[in-house]
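Every chain is numbered from 1 and lettered A, B, ... according to where its sequence line falls, protein lines coming before strand lines.
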There are 2 protein chains.
Amino acid sequence: MSVAIENFVKAIYKNGKHDDNDTKPGNIAKKLGISNAAATDMAKSLANKNLINYEKYKALELTEEGEKLALKVIRKHRLWEAFLYKTLEMSLHEIHREAEFLEHETSDFLADKISEYLGNPKFDPHGDPIPNADGEITTKDNSTTLSKTKEGKSYIISRLMSDDKEFFDFCAQNGLKYGNKIFVSKQFSKNKMTQININSNTILLNEDFTKIIYVNEIQ
Amino acid sequence: MSVAIENFVKAIYKNGKHDDNDTKPGNIAKKLGISNAAATDMAKSLANKNLINYEKYKALELTEEGEKLALKVIRKHRLWEAFLYKTLEMSLHEIHREAEFLEHETSDFLADKISEYLGNPKFDPHGDPIPNADGEITTKDNSTTLSKTKEGKSYIISRLMSDDKEFFDFCAQNGLKYGNKIFVSKQFSKNKMTQININSNTILLNEDFTKIIYVNEIQ
DNA sequence: AATAATATTTAAGCATACTTAAATTTTAAT
DNA sequence: ATTAAAATTTAAGTATGCTTAAATATTATT
Ligand SMILES: [Mn+2]
Ligand SMILES: [Mn+2]
Ligand SMILES: [Mn+2]
Ligand SMILES: [Mn+2]
């Protein structure tokens, strides 16, 4: 399958996960930076290949086969991120940028080799789950966003959901990293801002960031 | 530059190295598995982009710019081979197969990271030289093929020039590896077969193999 | 030097993945 | 329920990178 097709089914899969964002052609088009007309064309072509179900004017739905392909691409993406992060010590932003291309030129064989080398990790360096070779994700996810946490509790960072360089730079500078511990000292004005303590520093985060940082409460 | 273009200039560069194989469209076409007509089309298009000089019915010649691009692709290819060979312990055949695709989706930044990780190696696991970031190859190559060696002398393997799985499998099984030492015990019938000793085994190689195994004499 | 064989180029056509502009349908607002 | 706004689809067209078949030029053979 071509790069265009792989990016397309991946975009449908990701948009489909969060029902706020839907999978109508226009949204996929926006995500991929192509015209709406191109998205409609591609939708028809993918329906022909049995990768999606397409009904005029309706949201796009992946078939089982389509979802499998999407998960394969996502698996390769996240394995690359984990591999480059570990071996070459690249930043969260850099690994994502490279993985976006490498994901399409990686044999299943190589993906498995990388996975094995890393000890078959279940999560990538952003905390995103890595599908296994059969396209299954073992997501027992009971994490919440930082914006929903309670004052006076401690949490472990479980996921940094973004692909923005500025955000990742900020995280790196302030020790906001997958697996690190933070303490929520105050929630301001109906959770529009969150004050946390980390590494004996106090930092104040606004909603833009607290909504993409996922955490698990420490019992 | 597209994958098609990168493979094309790389093929011209490689065919141009050994004047037995020339760089006329037909030979490039054969190497890439495309029609002669497609090769002519591409030649015109590359001339337009100033990557080659094209004159009807003549051999194709890379411009300085074209050669730079070819060397960049070759650099990435060989860095990938070295990186995968080291980290994932893949075979010579496997690393080549993967590198053939990865070479086109690797930023200069990532290539430099890989190079640095490996200690800026000058040769890949086949013994092929790796161009540096400026596209320079430091090839002070005084190696000869095994077919030209003399009885009773010892040599170090410096290069395995092939992309054939059977050959590499044979090499792996018999300790024929970049950097390993061999002793030439006999040359048969005008060097059509060569008998060598390696790891206390005696093996007899015919010309198909002795012409793609390069060695340096041990003084 | 003429002829046959081989290689290259031209021509016409196709699939993919895009574009913009116009037509149509859906959705939202009055 | 009409109407206006927004999204989707259709239509027409483009660039890339291929194909096969025919025309043309080069190279090899006699
Ligand atoms: Mn990513
Ligand atoms: Mn991608
Ligand atoms: Mn190789
Ligand atoms: Mn290649």
Legend entry - Per-nucleotide protein contact string for nucleotides 5-19 of chain C (B base, S sugar-phosphate only, - none; heavy atom under 4.0 Å): ---BBBB-----SBB
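- Remark: A/Tyr13 engages A/Lys17 in a side chain to side chain donor-acceptor pair (under 3.5 Å) (not counting sequence neighbours).
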Between side-chain atoms of residues 125-132 of chain B and protein atoms elsewhere (two or more places apart, or another chain), which donor-acceptor pairs fall under 3.5 Å?
from	atom 1	to	atom 2	distance (Å)
B/His126	ND1	B/Glu81	OE1	3.2
B/His126	NE2	B/Leu92	O	3.4
B/Asp128	OD1	B/Arg159	NE	2.6
B/Asp128	OD1	B/Arg159	NH2	3.3
B/Asn132	OD1	B/Asp134	N	2.8
B/Asn132	OD1	B/Gly135	N	3.1
B/Asn132	OD1	B/Glu136	N	3.0
B/Asn132	ND2	B/Glu136	OE1	3.1

Please table the atom pairs, donor to acceptor, closer than 3.5 Å between any side-chain atom in residues 64-71 of chain B and protein atoms at least two apart or in another chain.
none

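- Each side-chain hydrogen bond (donor to acceptor under 3.5 Å, both in side chains) pair with one or both residues in residues 41-53 of chain A, not counting sequence neighbours, would appear here, but there are none.
- The ring pair (Phe, Tyr, Trp, His ring centres under 6.0 Å) check on B/Phe170 picks up B/Phe209, with sequence neighbours excluded.
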